[in-house]
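Remarks on the structure that follows.
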Amino acid sequence: MHWIDKIARLLLRRGKRHVVASGISVSGPIHIGHCNDVFIADGIRRAVGELSGKAEAFWYADDYDPMRRIPWPLNEKGLAEKYRQYLGMPYIDIPSPDPDYKNFVDYFARPFIESLRDFGVKVKIYSGAGIYRGGKMAGLIKTALEHADKIRAILNKYRLEPLPQDWLPYDAICEKCGRMATTRTFAWHDNCVNYKCEGCDYASGCGHEGEADYTKGEGKLTWRVEWPARWKLLKVTCEPFGKDHAVVGGSYDTGKIIAKHVFKYLAPYPVPYEWVSLRGSRMSSSKGVVFTPPQWLEIAEPELLRHFIFRSKSTKAKDFDPGLPLLDLYDEFDLVEQVYFGEVKTSDRREKQLKRIYELSQLRKPSKKPVQRVPFRFATVLTQVMRDEKHAIEVLASKNILTKPTRVDIKLAIHRLSCAGNWVSKYAPERLRFKVAEELPFEAVRCLTEKQKEGLAQLAADLSSREYTPVELHNHIYEVGKKIELKASELFKAVYLALLGRESGPRAGNFISALDKEFVISRFKKVISS
RNA sequence: GGGCCCGUAGCGCAGUCUGGCCAGCGCACCGGCCUUUUAAGCCGGGUGUCGCGGGUUCGAAUCCCGCCGGGCCCGCCA
């Protein structure tokens with residue numbers, strides 16, 4: 001059974017209605033590693049629903065935390081100076097570097113939130129700042145303040161250095177300088193928490209002493225208390241989270257205890273997950289080592305990222321490499337799809353697992369009919385020679401890659417071709433790139449022998465006298481070589497030199513078929529008369 | 001100091017929860033074929049002490065204990 005379904009079953013043993021939480025701190029560019037979080041939450045929501053439970057999922061933007069590091073690209077020269085002043089302030093109060101976005105949070109979170117729909121993820125969106133400023137957390141904050149001693153005792157069990165006697169689980173925003181990380185709270189009464197803006201290790205305080213109204217969002221609960229409060233507020237029953245929170249004595253452990261003893265709430269069923277690395281190294285918002293969902297959609301279908309996440313256990317570390325390894329991911333996805341549609345056989349057990357992975361990779365219910373796909377490796381060649389979409393579809397049909405394609409098949413093919421085009425220009429190694437020479441490459445064809453020219457002349461003549469399928473054409477090159485007693489490899493070389501200006505290229509039959517015939521004939525003729 | 005994950009074929013991995021067709025998949029590789037350059041196709045081939053050592057069991061990659069190696073997280077804040 002797939003791990004998503006195991007979790008769904010466990011949840012249903014606890015109850016019928018479920019709320020699956022996800023969310024991250026909006027501290028910089030949101031990358032595909034963060035997709036684990038929402039995709040898993042959404043996947044569980046889906047699985048619970050399929051098992052006739054009631055479930056919803058949400059994504060919560062932690063946008064009311066203080067900025068402790070300036071993220072890429074705001075830490076680049078010019079901008080860094082400007083953003084230094086905002087250290088310690090809540091993300092929501094920091095301006096956007098781009099006027100098209102409302103603020104720092106909008107700038108980083110909107111591209112992510114907007115892409116969620118493209119990935120078939122159906123989640124409610126919450127904003128921490130919205131929750132606090134809307135006063136929704138007021139009651140829970142009061143409870144936490146009333147139980148400050150109890151909370152402090154719980155946390156101290158897990159700390160080397162105990163919290164101060166007057167510690168409160170609340171971080172106030174300084175009304176004078178707007179910073180949150182710099183304040184120290186020490187007392188409270190009615191709706192207000194007293195603080196002094198003293199500074200912290202990465203930002204200095206302004207010295208102001210004041211009162212923050214916690215019912216109006218003039219501050220927030222400290223993380224280890226906020227998390228359980230949020231569970232209670234939003235009735236969370238299940239939540240995936242990264243391994244940093246999952247550590248013994250970490251925020252889940254203390255959150256569970258605080259939830260039970262302070263908020264009288266059963267902690268959600270935890271789903272810890274491993275992180276996604278990029279080309280072997282940890283993604284880092286501050287260094288700009290990130291790969292984002294919109295970047296993903298440029299080079300691959302959304303189903304592929306879902307496949308990437310659901311194909312292995314959540315606790316398994318995953319590495320993503322948009323270079324050549326992406327091709328393997330494509331092949332694997334296509335293979336799983338063929339297994340789903342019964343076109344490829346495997347063991348019963350494996351088949352069951354793969355079919356479920358395929359379902360989870362889909363944005364909606366899978367198609368009833370088998371889907372025709374253009375192998376991505378081939379798409380990377382076709383996209384470099386095709387004249388237009390119509391022509392590309394003709395080529396695909398002539399090669400039997402698409403047989404009687406439906407409108408959907410054609411749409412998928414065109415989409416994959418555009419992904420392939422983007423991939424070739426952005427991530428492919430040089431050797432997979434080629435460009436048809438627009439003008440006769442004089443330098444390159446100068447070294448051609450008379451025999452090679454004779455071969456090209458023959459090919460040109462044959463091309464104009466009849467139609468060839470790609471395979472026929474490929475074979476025909478060998479026939480021509482035999483006829484004029486020229487080694488096939490020499491003739492291939494001549495073909496590539498004439499068209500590309502280099503000695504090798506994509507498989508010749510495919511390649512020439514994908515080009516305009518008259519263009520090829522005239523190019524060959526030009527070579528002969530050069 | 002504590003915790004988590006990983007260790008299965010040359011490489012990447014599935015299988016471990018629920019012990020018994022679990023010795024598998026992809027790529028690579030080897031042999032053969034297509035007169036067939038190329039990250040093209042077809043047919044055939046598994047190349048393995050399942051990290052090591054114990055234990056439980058009729059039976060262990062799978063469960064338990066110990067150890068080794070690699071990676072990561074926490075021990076500030078989130």
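Every chain is numbered from 1 and lettered A, B, ... according to where its sequence line falls, protein lines coming before strand lines. Just so we're clear, the structure is a prediction, and the values are computed from it rather than from any experiment.
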Position toward the 5' end of RNA chain B (nearest nucleotide), A:Tyr202 or A:Leu327
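It is A:Leu327 whose nearest nucleotide is closer to the 5' end.
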Between A:Ser251 and A:Arg224, do the side chains contain an N or O donor and an N or O acceptor separated by less than 3.5 Å?
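Their side chains do not contain a donor-acceptor pair, so the 3.5 Å distance test is not met.
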Inter-nucleotide [atom1] distance ([N], [M]), Å rounded:
N      : M      : atom1 : result
B:rC5  : B:rC63 : P     : 12 Å
B:rU18 : B:rG31 : P     : 46 Å
B:rC73 : B:rA9  : C1'   : 32 Å
B:rC21 : B:rC27 : P     : 26 Å
B:rC64 : B:rC76 : P     : 32 Å
B:rG46 : B:rG10 : P     : 15 Å
B:rA60 : B:rC50 : C1'   : 11 Å
B:rC22 : B:rU37 : C1'   : 42 Å

Expressed as a whole number of angstroms, how long is the span from [X]:[atom1] to [N]:[atom2]?
X        : N      : atom1 : atom2 : answer
A:Asp253 : B:rC4  : CG    : P     : 11 Å
A:Trp223 : B:rC76 : CH2   : C1'   : 16 Å
A:Asp328 : B:rA39 : CG    : C1'   : 10 Å
A:Tyr252 : B:rG3  : OH    : P     : 19 Å
A:Arg311 : B:rC25 : CZ    : P     : 18 Å
A:Glu274 : B:rC74 : CD    : C1'   : 14 Å
A:Lys493 : B:rU36 : NZ    : P     : 17 Å
A:Tyr427 : B:rA39 : OH    : P     : 23 Å

Does [X] come within less than 4.0 Å of [Y], counting only side-chain N to carboxylate O?
X        : Y        : result
A:Asp334 : A:Arg416 : yes
A:Arg306 : A:Glu359 : no
A:Arg373 : A:Glu337 : yes
A:Arg282 : A:Asp319 : no
A:Glu274 : A:Lys316 : no

I'd like a table of atom pairs between the protein and nucleotides 33-35 of chain B - only N or O on both sides, under 3.5 Å - with the distance next to each one.
{"unit_1": "B:rU35", "atom_1": "O4", "unit_2": "A:Lys482", "atom_2": "NZ", "d": "2.5"}

Need one value for [X]: base, sugar-phosphate or nothing, where a base atom within 4.0 Å counts as base even if backbone is also close, heavy atoms only.
X        : answer
A:Tyr158 : nothing
A:Arg282 : sugar-phosphate
A:Asp244 : base
A:Trp3   : nothing

Taking OP1 and OP2 of B:rA78, is either one under 4.0 Å from a side-chain nitrogen or oxygen of A:Thr222?
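It does, given that an N or O in the side chain of A:Thr222 lies less than 4.0 Å from OP1 or OP2 of B:rA78.
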Please tell me if A:Arg159 has a side-chain N or O lying less than 4.0 Å from either OP1 or OP2 of B:rC77.
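Yes.
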Is it the case that the ring center of A:His307 lies less than 6.0 angstrom away from the ring center of A:Phe333?
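Centroid distance A:Phe333-A:His307: below 6.0 Å, so yes.
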Compute the ring centroids of A:Phe104 and A:Phe108, then answer whether they are less than 6.0 Å apart.
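Ring centres of A:Phe108 and A:Phe104 closer than 6.0 Å.
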The side chain of A:Phe492 is closest to which nucleotide in this list: B:rU37, B:rG26, B:rC6?
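For the A:Phe492 side chain, the nearest candidate turns out to be B:rU37.
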Given B:rC13, B:rU37, B:rC77, the nucleotide with the shortest approach to the side chain of A:Lys316:
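Selected nucleotide (nearest to the side chain): B:rC13.
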Let me check I have this right: for RNA chain B, each base becomes ., (, ), [, ] or |, based on Watson-Crick or G-U pairs with both distances under 3.5 Å. What is the full string?
((((((((.[[[[.)....(...]]]].(((((.......))))).....[[[[[..)....]]]]])))))))....
Value rounded to 0.5 Å, distance of CG in A:Asp5 from CZ in A:Arg9
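So the gap between those two atoms works out to 7.5 Å.
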Nearest-0.5 Å distance that lies between atom CZ in A:Arg356 and atom CG in A:Leu360:
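Answer rounded to 0.5 Å: 4.5 Å.
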Within residues 58-72 of chain A or reaching into it, pairs that qualify as salt bridge (charged side-chain N to carboxylate O under 4.0 Å, His left out) - sequence neighbours excluded
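Output for this query lists A:Asp62-A:Arg230, A:Asp65-A:Lys220.
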